[in-house]
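First the structure, in the form of structure tokens, and then the observations on it.
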Amino acid sequence: MYAALTCHPPLGQTTTIPSNRTSVKFTVLLESSAGSEKKWEAALWHNFDDKEKWTNLSLEPALEPSLTVVKASQTNVRRQFFTVDLPGRPKHGGSLSYTITFRASEEEPWKWANEQCSTSDGRLIYQSQDVLHNDLTHYIGGLPPYLKIGKEQSDSPETLLWSITSPVNAASGSTSGYSHNSLGRPLDFTRWFALVRLWSPWLAPRQGKNRFQPDKEAILATFEREDGSHLVVLAISGVDDVLTTLSHDGEGRIVIQSRNDSEEDGVARLVAAVGKDLNHAIAAVMYHARKLVMNYGVGVKDTEAELKALADDFKPEWLENWYDGLSYCTWNGIGQHLTEQKLFDALESLAKNEINISNLIIDDNWQSLNHEGGDQFKNAWVDFEATKNGFPRGLKATVADIREKYNNIKHIAVWHALFGYWGGIAPEGKIAKEYKTTVVQKKDGVSGGKFTVVAEEDVSRFYKDFYQFLSSAGIDSVKTDAQFFLDELDDATDRRNLIKSYQDAWSIAQLRYFSARAISCMSQSPQMIFYSQLRSNMPRILLRNSDDFFPEVPASHPWHIFCNAHNAILNQYLNILPDWDMFQTSHDYASFHAAGRCVSGGPIYITDVPGQHDINLIGQMAGNTPRDNTVILRPHTVGKSTSAYNSYDDPVLLKVATYVGMAHSGVSILGVFNCTQLPLSELIGLDSFPGAEKGTYIIRNHTSGQVTKPTSIEGDDAFVHLDLPTRGWEILSAFPLQTFSLKRSHDVKGPDEVRVANLGVIGKMTGAAAIVNTDSYVDRSSGRLRIWTSLKVLGTYGLYISDLKHRSLDDDVMALIFGRPIAKHCVKVSDTCENVLEIDTTRAWKESDSKASWSNEVAVEVVIR
């Protein structure tokens, strides 16, 4: 007989109970084969009263809450619910463990959920009701006397903050100074999370329990404590010439690893914070790091003055298409042997399939190199002009043809490495003859050895001339890769001279010539994160948020989403938009990647092989404006993991949260991904949606359009039951309901009170992000409810109306587009939810024979009497 169990709070996970909660309600869903009338029983086993002794508590049968079942693996099932309240707090400290037992009847033996469902115990951590301790020694034991520790004012609520410095020796000649100093041992923690240097260009998450021992050097480490608070330690680089990371000594102590390229003794800088909310504690260290970097003055005065002048002249609308247009990149789609003809063939394939990209990225292999076709790390750059082999007419002619034939393409970018190319500058080439160069030594490794680069004295002129050339050729944006090569420099003198000068020259050039239309790639090195990316006095650029999309490596795809979601925990505080990299829409993991990009808060660009496109999937990511521009629907906040401490190997669904709209009245969006090799089930309630803070909500899922019954933040009677296979995903959106009292007409039978939620454009993964503006109010003169909405794109506009089934679409509802009535055949009740009104604005727009307004938005109004 089939039997499956799902619990909320979940088994196999740790759940934090806020200090103001006085009880915990457990909800258990038991699924069994349909037709079986056996009287199931369930019990909660826990160590609430005694840490060493477990007791059981019977779960009571309950009425089915508002349950939306998504992608159920079994169709003919009987569902039974059980609940129990666990009042008070544990008698023996701040946490307890629990599991569930169940049986089909009194005659049958009890089954343990751990064994039947291949899961571990669940754990509850009850946050302490005590105030936070003002002494850092309460959180880190064995702080050495050589550390200088200062109490700082935190800019994040309900957090405490400390600055920490540790000495590091000066460089001696070309050899940097190093130090390996102990910070101390984090105390009383149960789990830790760190962002480590996967290798020089990339960050990646690591998690563990009990002993802190990441396999690579970290820049951020957080610790979940037994009392429900969180300790956060951040290593800061880019101030002076010191690089600082965190490692361990094998005994659980944090070790401060520092490299000083200066000829004077320096200090390693750390910031530590404590808070009952992990996000607040991370915000505290990042805000202080930004203040520290800005106060120390980033760069030389002339450079800072030039950057400020350019930033002051900057207009945010210059980036609108660049951020929000659908983009195509040539790298995986066309391959590394790039030619003008292959580029035209790819664009023609997109055009034939009516994929109207806004941005084109011409990736690697367009440049003139000294050994074309050979090992990329041995190849060096010869001339600004494109290679004659692939672009015989020159870059300008190619770009001119593209712009003439494809009017939808607004921006064309080219790829290049920060030093020019992977192998630097060709000593015998035209560039080397024009600019002063120097030979530098890189660390041993794949890209190690000596190579030639433009010297510090000429790097500003080099970038000025290069970007002037690109601009004259019709290029208006860049993807600048291999930026980590700055950190690969081995010589302390080269590091001192080049790390900041190259960052400054590039920042000025991309802002002056391309108005911040730039992608910073392979640049998650600490000196760049803190020196260039954290500062808030510049326009935001796109930043590659993780290692590459590898289409041929199956194991890389779930890790890619997991890695990006956790890197964003830090990168959300940088002055960037996270770029989760290109992907292919015809790939086995295509929809998995697409959902990740849609909730990322960053750009979306595809790299399809010509002719291999999933039009339906592209339609779920993007939409067309009345002017026929294709735009993505980008949420307003950076999408990030909601559970930093859950590791990649844990049998847990990854949840990526983002948000659309204003605080308290906006839409909380949750991308849910099964990154494991097992099918997983969870009950997801409103408490899983960050930003859903007060009021009543409905939760809608993307793939089937199902909607839960209204539920309040205080209640716990509505769940989405997600049953996701390996590679499974879902996007859930929590919409706040507004309540209105209508003036009753004598011939209207509906209720006086109506609750509505604006769903945006449904059929899109993040359709709420299509809402530009909205306003709902009861007209005083007529007593009718008017819902006005401005949308980014045409499509199926959705509106939740609580009493829609009691209303006549002909008599009680009127819809308008740009002030003109919409024909009845464009308006219908949703097939999946009787309370959702659907309006086909694409058809309505065509039939109205209107022209796009200057704002390029879709104005829709619904009137309810």
Side-chain angles (χ1 to χ4, degrees), residues 144-149 163-183 196-197 199-201 216-219 234-250 253-271 289 292-293 296-300 303 418-419 424 436-459 483-505 523 525-532:
Y146 52 74
L147 299 179
K148 289 186 178 180
I149 301 173
S163 60
I164 304 168
T165 59
S166 174
V168 54
N169 295 330
S172 176
S174 63
T175 304
S176 301
Y178 293 88
S179 72
H180 307 276
N181 295 333
S182 175
L183 172 63
V196 305
R197 302 194 68 188
W199 62 296
S200 291
K216 298 179 184 296
E217 294 178 11
I219 65 169
L234 177 72
I236 299 175
S237 300
V239 176
D240 306 323
D241 293 297
V242 178
L243 164 67
T244 302
T245 57
L246 307 171
S247 64
H248 65 95
D249 65 355
R253 297 179 190 87
I254 301 174
V255 174
I256 307 166
Q257 303 260 63
S258 303
R259 175 177 187 168
N260 183 12
D261 301 318
S262 172
E263 295 174 301
E264 299 178 0
D265 288 342
V267 294
R269 302 178 191 276
L270 308 180
V271 190
L292 188 67
V293 170
Y296 268 81
V298 278
V300 296
T303 299
L418 188 67
F419 281 139
K436 183 179 180 181
T437 60
T438 183
V439 176
V440 297
Q441 175 73 42
K442 285 193 289 158
K443 301 174 192 173
D444 292 337
V446 176
S447 61
K450 293 185 176 182
F451 74 153
T452 301
V453 301
V454 173
E456 177 190 14
E457 297 91 325
D458 267 4
V459 66
Q483 299 200 27
F484 76 102
F485 276 12
L486 289 172
D487 190 37
E488 289 289 284
L489 298 175
D490 216 19
D491 186 298
T493 307
D494 290 336
R495 294 172 68 85
R496 244 187 353 260
N497 293 340
L498 301 181
I499 286 178
K500 289 182 179 177
S501 62
Y502 264 85
Q503 289 183 77
D504 287 341
S523 60
S525 295
Q527 304 97 312
M528 298 180 196
I529 290 171
F530 292 98
Y531 183 76
S532 293

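Source: prediction; values computed, not measured. The chain is numbered in sequence order, starting from 1.
Across Tyr531 and Gly238, no two heavy atoms sit closer than the pair CD1-O, 3.8 Å. When all heavy atoms of Ser258 and Ala268 are compared, the closest pair comes out as OG-CB, 2.9 Å. Residues Tyr146 and Ser166 approach most closely at CE1-OG, 4.2 Å, considering heavy atoms.
Counting heavy atoms from C-beta on, the side chains of Phe530 and Leu243 never come closer than 4.5 Å. At least one side-chain heavy atom of Pro167 sits less than 4.5 Å from a side-chain heavy atom of Asn181. Under the 4.5 Å side-chain criterion, counting only non-hydrogen atoms from C-beta, Thr244 is not in contact with Ile236. A 4.5 Å side-chain heavy-atom check between Val454 and Tyr502 finds at least one atom pair inside the cut-off. Taking 4.5 Å as the limit, some side-chain heavy atom of Val440 sits within range of a side-chain heavy atom of Phe451. A heavy-atom distance below 4.5 Å is found between the side chains of Asp240 and Arg269.
The closest donor-acceptor contact from the side chain of Ser262 to the backbone of Glu264 lies under 3.5 Å. A donor-acceptor pair under 3.5 Å links the side-chain atoms of Asp265 to the main chain of Ala170, judged by distance alone. With hydrogens and angles ignored, the 3.5 Å screen pairs no side-chain donor or acceptor of Ser247 with any backbone N or O of Glu217. A donor-acceptor pair under 3.5 Å is absent between the side-chain atoms of Asp241 and the main chain of Arg496, judged by distance alone.
The distance from the CD1 atom of Ile529 to the OG atom of Ser237 is 8.5 Å, given to the nearest 0.5 Å. With rounding to the nearest 0.5 Å, the separation of CG in Leu147 from CG in Leu183 is 6.0 Å. Ser174 contributes atom OG, which lies 12.5 Å from atom CG of Leu489 (distance to the nearest 0.5 angstrom). One finds the CD atom of Gln503 at 9.0 Å from the OG atom of Ser525 (value rounded to the nearest 0.5 Å). With rounding to the nearest 0.5 Å, the separation of CZ in Arg197 from CG in Asp487 is 4.5 Å. Within the model, atoms OG1 of Thr438 and CD of Glu457 stand 8.5 Å from one another, a figure rounded to the nearest 0.5 Å.
No side-chain donor from either of Gln441 and Asp494 sits under 3.5 Å from a side-chain acceptor of the other.
Ion pairing of Lys500 with Asp261 is absent here, as no side-chain N (NZ or NE/NH1/NH2) approaches a carboxylate O to less than 4.0 Å.
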Could you give me the CA-CA distance, side-chain angles and deciding distance for Ser501 and Glu456, then say whether side-chain hydrogen bond (donor to acceptor under 3.5 Å, both in side chains) is met? CA-CA 6 Å; Ser501 62; Glu456 177 190 14; 4.8 Å; no
Where do Leu498 and Val459 land on the side chain to side chain contact (heavy atoms under 4.5 Å, CB included) test, with the steps shown first? CA-CA 9 Å; Leu498 301 181; Val459 66; over 6 Å; no
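A tilted orientation is assigned to the rings of Phe485 and Phe419, their planes being inclined by 30° to 60°.
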